[in-house]
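Every chain is numbered from 1 and lettered A, B, ... according to where its sequence line falls, protein lines coming before strand lines. Note that this is a predicted model, so its numbers are computed, not measured.
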Amino acid sequence: MTQADYLAKFWMVIAHIPKGKVATYGDVAAMAGYPRMARAVGRCLKNLPEDSNLPWHRVLNAKGMLSFPQDSAKYRQQRQLLEAEGVLFQQHKIALARHRWRG
DNA sequence: TGAGTGACTGTCC
DNA sequence: CGGACAGCCACTC
């Protein structure tokens with residue numbers, strides 16, 4: 001197993017998250033077959049090129065919150081993309097129970 | 001070479 | 001509900 005192996009799997013899992021649904025970093029890692037590799041998922045997204053068509057905005061942390069400072073451009077961008085798909089925010093949190101994707 | 005860091009998490013107070 | 005903590009692993013000094 002190499003780094004490229006799970007990065008590729010994370011990519012695939014994320015690509016399969018349905019519109020209007022979300023998954024946590026841990027979920028993505030587990031679905032890809034690498035439980036406890038949440039951080040690796042984060043790294044994966046961090047390295048994503050701007051022009052990738054990966055729905056990276058559907059991935060959030062276990063608290064149901066975005067992993068960016070709330071006053072950052074990234075936060076606003078991700079939140080807008082999610083709301084555009086019908087994902088509801090309660091203050092700064094998402095109703096995970098309602099939108100969490102079960103592969 | 002080793003310590004610090006980070007788009008993280010589950011468990012245990 | 002929140003805070004501390006130990007796993008986790010590639011990357012950067």
Check whether the side chain of A/R43 and the base of C/dC11 form a donor-acceptor pair under 3.5 Å.
no
Other residues, nucleotides and ligands only: do more than 12 of their heavy atoms fall within 6.0 Å of CD on A/E83?
yes
Under 4.0 angstrom, heavy atoms only, what part of the nucleic acid is A/A62 near: base, sugar-phosphate, or nothing?
sugar-phosphate
Does B/dC8 have its OP1 or OP2 closer than 4.0 Å to a side-chain nitrogen or oxygen of A/T24?
no
Using heavy atoms to find the nearest nucleotide of DNA chain C for A/K93 and A/A40 separately, return the residue whose nucleotide is more 5′.
A/K93
Separation of atom CG in A/L7 from atom C1' in C/dA10, rounded to whole Å:
10 Å
Just the rounded figure in Å: distance from P of B/dG10 to CG of A/L96.
11 Å
Rounded distance (Å) that lies between atom C1' of B/dG6 and atom CG of A/L45:
13 Å
Cation-pi check, A/R39 to A/Y25: give yes when NZ or CZ is under 6.0 Å from the six-membered ring centre and within 45° of the ring axis, no otherwise.
no
Can you tell which of C/dC11, B/dA7, B/dC8 lies closest to the side chain of A/A38?
B/dC8
Separation of B/dA7 atom P from A/E50 atom CD, nearest Å, is 16 Å
Over how many whole Å does the gap from A/D5 atom CG to C/dC9 atom P extend?
14 Å
Distance below 4.0 Å between A/Y25 side-chain N/O and C/dC9 OP1 or OP2:
no
Determine whether A/H57 and A/E85 satisfy the following criterion, side chain to side chain contact (heavy atoms under 4.5 Å, CB included), listing intermediate values before the conclusion.
CA-CA 11 Å; A/H57 56 279; A/E85 296 184 349; 3.1 Å; yes
Could you state the atom-to-atom distance from CD of A/Q78 to P of B/dA7 in whole Å?
13 Å
Rounded to whole Å, CZ of A/R39 lies from P of B/dG4 at a distance of 15 Å
May I ask you to establish whether A/K19 and A/W101 are in a cation-pi arrangement, using a distance under 6.0 Å from NZ or CZ to the six-membered ring centre and at most 45° from the ring axis?
no
Rounded to whole Å, the CG-P distance (A/L66 to B/dA7) equals 13 Å
Determine whether a donor-acceptor pair (one donor, one acceptor, N or O, separation below 3.5 Å) exists between the side chain of A/R36 and the base of C/dG7.
no
So which nucleotide from B/dG6, C/dA10, B/dA7 ends up closest to the side chain of A/Y6?
C/dA10
Could you give the distance separating B/dT1 and C/dC8 at their P atoms, to the nearest angstrom?
23 Å
With respect to the side chain of A/M37, which nucleotide from B/dG6, B/dT9, C/dC8 is positioned closest?
C/dC8
Looking only at heavy atoms, which two atoms of A/M31 and A/A23 are closest? And how far apart?
CE-CB, 4.5 Å
